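Here is the structure we will look at.
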Amino acid sequence: MSDKQHLYLVDGSAYIFRAYHRLPPLTNPEGTPVGAVYGYTTMLWKLADDLDKADGPTHLAVVLDKSSHSFRNELYADYKAHRPDPPEDLVPQFPLIRDATRAFSLPVIEEPDVEADDMIASYAKAAIRKGWDVTIVSSDKDLMQLIGQCGEGDLEPGVTTGGCIDMLDTMKDARIGREDVVAKFGVPPEQLGDVLALMGDSVDNIPGIYGIGPKTASKLIADNGSLAAALDSAADMKASKLKERLLEGREMAELSRVLVELKCDCPLPVALEDMKLDGIPPEPLAAFLETHGFHSLLKRLGAGAGSPDRPTNLNPAKQSQQGAAAAPAGNAQPLPEWPAVDREAYECVQTLERLEHWTARAQAAHMIAIDTETSSLDPMRAELTGISLALGPNDACYVPLGHGGSDMFAERPQQVDRAAAIAVLKPMLESDAVLKVGQNIKYDITILSRCAGIVVAPVEDTMIMSFDLDAGRSLDGIGGGHGMDELAQRHLGHTTLTFKDVCGTGKKAIPFGEVPLDKATQYAAEDADVTWRLYQVLKRRLPEEGATRVYERVDRPLIPVVAGMEREGIKVDKAALAKLSETFAETTAGLETEIHELAGEPFTIGSPKQLGDVLFDKLGHKGGKKGKSGQYSTDQSVLERLAGEGAPIANKVLEWRQLTKLRSTYTEALQAAINPETGRVHTSYSLVGAQTGRLSSTDPNLQNIPIRTEIGREIRKAFVPEDGNVLLAADYSQIELRLAAHMADVPQLKEAFASGEDIHSRTAQEMFGTVDRDTRARAKTVNFAILYGISRWGLGGRLGIEADEAQDIIDTYFQRFPGIRNYIHETLESVRAKGYSETLFGRKTWFPRINSKQQNERQGSERAAINAPIQGTSADIIKRAMARMTPALLEAGLPDVRMLLQVHDELVFELPEGDVEAASPVIARVMAEAALPAVELTVPLGIEIGHGPSWDDAH
DNA sequence: TCGTTCACG
DNA sequence: GACGTACGTGAACGAG
């Protein structure tokens with residue numbers, strides 16, 4: 001069936017409206033807004049690029065609305081009336097859509113007095129009659145009526161089977177088929193018109209019946225089979241609002257039915273055969289991309305074949321009022337005039353003389369970009385394979401140190417003697433007079449320290465610079481990450497070689513040490529070159545955008561500190577973990593049998609899908625709720641409810657879940673994570689992991705070791721000190737609430753913290769006038785709700801009350817603590833205007849969706865924006881404490897105290913038992929004073945300290 | 001690869 | 001009228 005034709009019909013007009021709302025207000029070099037056009041262009045690109053894919057187009061055309069007038073206006077004067085004028089910066093983009101399509105040399109269909117929907121319907125029908133498949137690129141629900149049609153009974157002569165129609169929503173990258181229509185509307189596409197006629201459409205001003213929405217409409221149609229039958233059924237209904245509405249709305253519904261009907265017999269101005277997609281001539285496209293400043297696309301075009309990845313590197317828009325929030329990450333200044341990256345220009349350093357030449361130049365330049373190549377991503381296990389250096393654009397080299405050695409090379413390529421090379425590099429890499437710049441240089445610090453005994457300092461990190469400038473600054477299709485490939489694309493318009501390009505992927509992947517030197521040099525030196533360039537770009541932005549303080553005073557000093565913590569690692573008691581694992585396994589096996597017996601059949605308990613079916617369909621428990629995936633939810637809260645309703649299986653499943661989780665995520669994984677060389681577990685902290693400025697921990701994650709349940713705490717007991725030592729844990733007590741009290745200026749809460757009162761009790765007193773277990777618990781929930789950005793639904797859910805009651809509680813809270821209301825208000829106003837929130841130390845977090853027209857997106861951003869300054873300030877404070885900790889301990893004569901872990905508001909140390917008494921006050925003081933002198937808090941920071949023979953005992 | 005669930009602050 | 005509903009993470013698992 002290789003000759004199966006597949007026509008794609010793009011609903012261009014509809015697309016551009018959606019693109020407009022979801023993409024930043026970019027302008028082209030002439031100042032014309034082109035954000036929506038850019039989105040449209042990338043979409044066309046992607047479609048055209050799918051040409052060779054199984055489901056891809058063989059034919060493609062774009063259909064546009066030429067005029068808003070059609071036969072429907074004759075039927076109903078108000079049709080599409082009240083439709084607001086398009087935003088003024090969208091208007092000039094309409095003609096550009098046509099230009100963009102022509103630039104791709106694709107046919108454009110636009111006919112006067114015919115709506116795009118009807119034209120699409122007519123073409124789609126014509127194509128399926130020929131046996132072609134059709135994909136409508138749109139998300140218009142009217143067009144969903146066409147889905148699944150196959151031209152049955154109306155085929156052209158000689159055609160045996162009709163084609164099939166489906167839809168593609170490129171915004172969500174989702175194909176929409178018959179089942180999706182049924183899932184969304186409760187009826188198949190053939191009956192969708194009836195549903196639409198009942199519910200109406202406020203955008204097109206199709207009246208429908210007032211008071212009937214999608215749910216009611218689809219139920220009526222599903223129950224009665226047709227619009228006419230549904231309307232007739234009203235007569236037999238008992239008196240109700242619905243009955244009245246149906247009786248009164250009959251005419252409107254019948255009119256609406258005609259309005260939503262698609263006209264399928266429009267004359268076709270372009271023949272189907274002429275829509276053949278046959279390669280896209282590059283010249284007109286290049287000219288178009290050039291005109292509008294779509295440089296990354298232009299670059300991609302130049303790069304030729306290959307599927308383009310995410311679009312980036314648009315010319316940043318001039319900052320308009322709302323543009324400030326939505327502008328993509330980018331440098332405001334024009335790029336320096338650098339030559340394009342030339343991988344052939346790099347040197348492979350194979351003699352000591354050449355290496356000495358490079359280090360001498362580095363000493364003279366006082367700055368160098370470096371990058372290490374290794375055998376593994378885990379810096380605690382990796383071997384050093386080579387190091388690359390860059391001193392300017394295209395002025396870069398690669399020094400291979402560990403290439404060859406396996407049979408893939410006939411002989412080991414010529415390389416500088418490793419020990420000699422290290423001896424030459426060491427003075428430069430350790431010199432105070434030479435700044436070492438890296439992309440995630442923490443990794444290189446660890447490698448060079450472990451493998452070469454080099455203590456790299458001082459350092460700069462382009463990844464962290466990017467984070468401090470642009471955290472959170474991402475939009476659809478415009479990446480917001482801080483990885484080198486993405487940064488190179490965004491800031492330099494350059495596509496780097498990827499690791500996969502040189503080493504392959506999956507089973508065929510080879511270690512970097514087996515990559516031939518010429519290719520290895522291109523890849524490795526490019527990374528250093530790009531890092532050098534990125535540093536120039538980002539360094540200039542730091543002061544311009546007010547990010548210097550947080551970078552210099554909070555994040556940069558932390559790099560060697562965190563590298564040291566990772567290197568320390570923590571000891572775990574392997575035998576204890578193994579024993580726990582076994583116990584868990586036995587208990588789990590028993591539970592599994594019991595659960596299967598209760599269910600009456602064996603099934604995969606770990607599959608939420610199967611579990612949901614067993615609980616709600618097979619066992620017939622009530623109250624099953626399906627989420628958007630069409631699957632029952634079986635999470636903890638649901639199971640707890642079932643258990644309360646007397647379902648014995650629910651508790652068993654809960655226990656099973658807990659034990660399997662603990663076993664697979666902790667007791668098994670932690671044993672495997674023990675480093676054979678050190679006998680300890682070394683996590684990796686990401687300094688750019690959380691948008692708010694928190695660290696995150698991976699491989700393994702040591703920031704989510706159980707503590708809340710008795711059985712989980714058994715795992716914490718397996719974290720132990722070396723003989724003669726203890727573990728000490730110091731944590732900030734209620735730091736986020738303290739910061740909220742300070743930042744929102746709430747006198748009662750500040751007093752309570754100052755006098756060491758229980759904060760939730762104080763809140764209960766203020767809110768409910770009395771303190772008991774219940775009011776304290778509720779006050780605690782409310783306090784957290786505030787920190788997380790409150791909504792009455794969310795709070796209601798947590799407290800098990802109606803949203804109205806929750807709203808009353810929120811009102812009371814605001815009344816008692818008006819500072820909180822002001823804080824929320826002012827924070828949101830500021831984020832809406834500036835596009836970012838700020839911590840007390842000036843850390844910015846961007847919220848590009850804060851002014852979104854999509855309510856849920858906007859509200860989600862609002863909640864995150866309320867939380868970010870608080871969570872972020874807390875992160876800043878503990879980071880400052882960490883950076884000061886080792887010097888403070890050294891000064892206090894405590895060199896044997898080692899900081900091992902950070903868990904957001906807690907620091908874990910390992911120290912000789914005899915040092916506890918001396919170290920505790922030093923640690924507590926450094927933590928308590930960490931905000932000073934930059935910020936003087938009006939609440940004290942309380943520190944709780946404990947120590948013992950395990951992490952659990954330290955609490 | 002995605003969605004779900006659940007471990008932490 | 002419907003949507004999804006507390007903020008920030010990472011890991012494991014099943015299923016497509």
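We use all heavy atoms of the structure for the numbers below, so side chains are in, but hydrogens, waters and symmetry mates are not. Values in this document were obtained by computation on a predicted structure and should not be read as measured data.
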Closest to the A/Gln859 side chain: B/dA7, C/dG4, B/dG9?
C/dG4

Mind calculating the distance between [atom1] ([X]) and [atom2] ([N]) to the nearest angstrom?
X	N	atom1	atom2	value
A/Leu670	B/dC8	CG	C1'	13 Å
A/Arg713	B/dA7	CZ	C1'	14 Å
A/Glu736	C/dC7	CD	C1'	8 Å
A/Ile605	B/dT4	CD1	C1'	16 Å
A/Tyr685	C/dG8	OH	P	21 Å
A/Leu662	B/dC6	CG	C1'	10 Å
A/Leu659	B/dA7	CG	P	10 Å
A/His955	B/dG9	NE2	C1'	11 Å

Within the modelled atom types, does a donor on one side and an acceptor on the other bring the side chain of A/Arg798 and the base of C/dA6 under 3.5 Å apart?
yes

Check if the side chain of A/Arg708 and the base of B/dG9 share a donor-acceptor pair of N or O atoms closer than 3.5 Å.
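Between B/dG9 and A/Arg708, which were checked side chain against base, a qualifying N/O pair under 3.5 Å is present.
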
Residues that [X] engages under ring pair (Phe, Tyr, Trp, His ring centres under 6.0 Å), provided they are two or more places apart:
X	value
A/Tyr732	none
A/Phe616	A/Tyr632
A/Phe719	A/Trp951

Counting any heavy atom closer than 4.0 Å, what does [X] reach on the DNA or RNA strands: base, sugar-phosphate only, or nothing?
X	result
A/Ala864	sugar-phosphate
A/Ile705	sugar-phosphate
A/Ile866	nothing
A/Thr781	base

Would you call A/Arg713 and A/Glu710 a salt bridge, using N to O less than 4.0 angstrom?
yes

Salt-bridge present (A/Glu736, A/Arg694; N to O < 4.0 Å):
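Yes, charged N to carboxylate O under 4.0 Å.
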
Rounded to the nearest 0.5 Å, what separation is found between the NZ atom of A/Lys618 and the CD atom of A/Gln610?
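Between A/Lys618 NZ and A/Gln610 CD, I get 12.5 Å after rounding to 0.5 Å.
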
Contact under 4.0 Å: A/Arg694 side-chain N or O vs C/dG8 OP1/OP2:
no

Kindly say if A/Arg657 contacts the phosphate of B/dC6, meaning a side-chain N or O under 4.0 Å from OP1 or OP2.
yes

Tell me, please, which residues at least two apart from [X] pass side chain to side chain donor-acceptor pair (under 3.5 Å).
X	result
A/Lys780	none
A/Ser686	none
A/Arg858	none
A/Thr667	A/Ser581

N/O donor-acceptor pairs under 3.5 Å from side chains in residues 792-799 of chain A, not counting sequence neighbours:
residue	atom	partner	partner atom	Å
A/Arg792	NE	A/Gln807	OE1	3.3

Among A/Asp808, A/Asn783, A/Thr763, whose side-chain hydrogen bond (donor to acceptor under 3.5 Å, both in side chains) with A/Tyr813 holds?
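Result for side-chain hydrogen bond (donor to acceptor under 3.5 Å, both in side chains) with A/Tyr813: A/Asn783.
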
Note: contacts of residues 634-641 of chain A with DNA chain B (heavy atom, under 4.0 Å) are A/Thr634, A/Asp635, A/Gln636

Check: protein-nucleotides 1-3 of chain C nitrogen or oxygen pairs below 3.5 Å:
residue	atom	partner	partner atom	Å
C/dC3	O2	A/Gln855	NE2	3.4

Using a 4.0 Å heavy-atom cut-off, write out nucleotides 9-16 of chain C from 5' to 3' as B (base contacted by protein), S (sugar-phosphate only) or - (no contact).
SBBSSSSS

Pairs under 3.5 Å (Watson-Crick or G-U), crossing ones as [ ], inter-strand ones as |: DNA chain C comes out as ......|||||||||.

Would you say A/Lys609 has more than 12 foreign heavy atoms packed within less than 6.0 Å of its NZ?
no

More than 12 heavy atoms of other residues, nucleotides or ligands under 6.0 Å from CD of A/Glu640: yes or no?
yes

For atom [atom1], what is the distance between [N] and [M], given to the nearest Å?
N	M	atom1	value
B/dC6	C/dG1	C1'	34 Å
B/dT5	C/dT5	P	12 Å
C/dA6	B/dT1	P	28 Å
C/dG4	B/dG3	P	13 Å

Within the 3.5 Å criterion, strictly below it, is a donor on A/Thr709 or A/Gln658 matched to an acceptor on the partner's side chain?
yes

